[in-house]
Structure formats: structure tokens, C-alpha cells
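Structure, as C-alpha cells:
Letters go in sequence order (proteins before strands), and every chain restarts at 1.
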Amino acid sequence: MPEGVEVEYARRLIEERALGRKIAGIDAPDAWYLKRGLTAAALEPAVTGHRLTAARRRGKLLLLDTDRTGPTLGLHLGMSGRVLIDGHAAGDPLVYGSNLENPAWHRFTLRFADGGSLAMRDPRRLGAVELDPDEDRLGPDAFEVTQAEVDHVLTRSRAPVKAVLMDQSRIAGLGNLLVDEVLWRAGIDPARPARELDRNERRRVYRAVRRTLQLTLERGGSHTGDHMAQRVAGGVCPKDGTPFERRTIAGRTTFSCPQHQR
DNA sequence: GATGACCTGTGA
DNA sequence: TCACAGGTCATC
């Protein structure tokens, strides 16, 4: 779904309400939802009887550790996925997601021995479940990324700075909305080749990443940025009132201010 | 690295 | 009916 901020909400929900609970079985009615060769027949015995011991997150990947030498479960929320525990979700509803309940949208469920459950509801089926995921395919997490790491990825690519910031193998956790908000705050044109940014501009990007994550986390989601409200036809820049420009960059709809993003 | 594909729901 | 959607993956 969701970008790093929503995945962080899901992680916290799991940490608060699911840790220590024993898995009694799984419900995986959609074989397509299990990735990298995983099958329900292999997954169920691998996790049954184990307790959840930690809920971690790297970028948009949720990592559920189990006890002893039990496996780690990797959950991807895709574009429309949410985590429900005992039927309850975390955070605000997705702006572009459906909040209706439909049993057919429950693509994967962990059943707990106490009778509750951890379910993934995902209308669009673009999420995924995997076992012992390779966490190193992802770059440093956006919530913990350093200025040095930002400098490193930006100076090594000629791609548009937006494409670089959205590349999960470089920095993990920023999606389309958050990157637009970051570059709007930093005053950088999303189409600029990343390596052309000077030292001062890279510093602004780093600070905007920190500020954007802090702000949207406090406010309730990736859609709560100041820039987001103007992501519509006729939207104007909240800083200077200039009509926003709408383009496709890195394959994604991009809104930016032609006046102050340069 | 840009592009299209994946899948399905929503709103114009 | 169509365009579009906050993500990833394979392919050119």
C-alpha cells in the first residue's frame, strides 16, 4: 500500500497486539499471493506452533519473526493492502483504497491459538507473502537513512532524482506521494538528474526526507503531506500559489511546482 | 532506466 | 466506458 509510513503503522499494530501470540494455522486461499515458490502446504507447518516474537520493517517490507529457530514471515502490502488484527486496522483509511469489508479480499490470514487472527486485506492483490525474505535486496530504511547514504545514492546516478528516491534497492520506504512531498519541500525539480544536485541541494533532500516522514507519521499517513492536498487538477503550490505541473516521471504521476522546484 | 504488465476497485 | 490508483517485476 502504502508507503513506509503506513507500513510503520501496521508494524506498530502488530507489535502492540500480536506479539507473543501462538500461530495455530494459516488461511491462504489465494496461491498467487504466496511468492518465490512458497505454497500453503509448505508454509503452514513452518509457522504453526510458533509465537510471533518481533515485528520489524525495512522500507515497505514487514518482517514477522517467530520464536526459536522459527522462520521469518515477509509481508508486502502492495498498493491496497492493510493488516487487520482481530478485525481491526491501524491508522486512517487509505485515500484511494476501499474500506468496505469483503471476505474475498482477505488474501492471507494467520490464525492464532487464542481464536484471534492477523489478516491481510488486499482488494487489488498486488501484495505478497514470502518466507525468510532476502532483506538485503532493500537499501537502508528511509526512517534511518543518513546524509552520507543520501549523498552516496544521489551522486551515483544520472536518473531523475525522483526515480532514485523511489528505488527501494537504494533507499527503502519512500513511494510516489512521499517522494513528491520530499522534493517539493526541498525545492528540487523531480526530473533533475540526481548526480547534478550540489552539496547544498543534497542536504535539503536529506532534511526533507526526515521532515516529511516525521510530519506524515504524526498526521496519519502518506496522504497528509502539505503537497498532497494539491495533487488534483487545478492544484496550486501551497508555498507560492503557482499552478502545479503534472508529469509522468519514473513511470509515476508527478506533481511539482515549476516556480520554486528547480 | 524507461516501459509495460500484473490485478481489481473507484470515480469521473 | 475510461482513466487512474500510495507497488513491484520482467523486459527491452
Side-chain angles (χ1 to χ4, degrees), chain A residues 1-10 29-37 57-62 74-83 89-108 120-130 133-135 137-139 142 153-154 156-184 190-195 212-213 216-217 219-225 227-235 246-255:
Chain A
M1 54 187 196
E3 309 191 28
V5 171
E6 284 74 21
V7 181
E8 174 61 15
Y9 292 145
D30 188 353
W32 190 83
Y33 213 69
L34 307 178
K35 294 298 155 65
R36 295 171 204 267
R57 181 189 56 75
R58 179 141 165 189
K60 304 170 193 170
L61 176 64
L62 269 176
L75 310 182
H76 284 276
L77 301 177
M79 293 273 266
S80 62
R82 304 201 79 187
V83 170
D92 285 348
L94 276 177
V95 169
Y96 292 115
S98 172
N99 299 295
L100 301 175
E101 201 42 78
N102 181 340
W105 292 342
H106 288 218
R107 312 295 178 186
F108 179 74
M120 290 176 72
R121 180 183 65 197
D122 184 4
R124 283 181 68 185
R125 290 177 77 210
L126 288 170
V129 173
E130 57 182 314
D134 171 23
E135 303 172 32
R137 66 180 193 251
L138 299 169
V153 300
L154 291 183
R156 287 175 80 237
S157 175
R158 294 173 310 158
V161 58
K162 170 159 180 171
V164 173
L165 293 177
M166 286 213 309
D167 182 342
Q168 303 299 298
S169 71
R170 292 186 167 111
I171 295 175
L174 302 177
N176 195 34
L177 296 186
L178 289 177
V179 168
D180 272 12
E181 177 84 13
V182 163
L183 294 173
W184 173 77
R192 292 259 312 274
R195 67 160 58 152
T212 297
L213 289 174
T216 55
L217 201 57
R219 289 184 181 174
S222 301
H223 60 287
T224 62
H227 169 284
M228 174 64 195
Q230 300 297 319
R231 282 182 86 79
V232 290
R246 184 190 198 273
R247 289 175 285 178
T248 297
I249 299 173
R252 309 305 302 277
T253 298
T254 302
F255 285 88

Taking atom P in both C:dG6 and B:dG1, compute the distance separating them and give it to the nearest angstrom. 22 Å
If you measure from the P atom in B:dG4 to the same atom in C:dA3, how many Å do you get, rounded? 14 Å
Have a look at [X] and say if it touches a base, only the backbone sugar-phosphate, or nothing, with a 4.0 Å heavy-atom cut-off.
{"X": "A:Arg124", "value": "base"}
{"X": "A:Arg170", "value": "sugar-phosphate"}
{"X": "A:Arg137", "value": "nothing"}

Within 6.0 Å of CZ in A:Arg158, more than 12 heavy atoms from elsewhere: no
Indicate whether OP1 or OP2 belonging to B:dT8 is found under 4.0 Å from a side-chain N or O atom of A:Ser80. no
Strictly below 4.0 Å: does A:Trp105 bring a side-chain N or O up to OP1 or OP2 of B:dG9? yes
Starting from P on C:dG6, measure out to NZ on A:Lys162 and report it in whole angstrom. 8 Å
Find the distance A:His76:NE2 to B:dC7:C1' and express it as a whole number of Å. 17 Å
Side chain proximity check, A:Lys162 to A:Asp180, heavy atoms < 4.5 angstrom: yes
Compare the minimum distances between each of B:dA2, B:dG1, C:dG6 and the side chain of A:Pro2, then state the nucleotide with the smallest one. C:dG6
Here the pair of heavy atoms bringing A:Glu181 nearest to A:Thr212 is CG-CG2, 3.5 Å
How close do A:Pro190 and A:Arg247 get, heavy atom to heavy atom, and via which atoms? CD-NH2, 3.7 Å
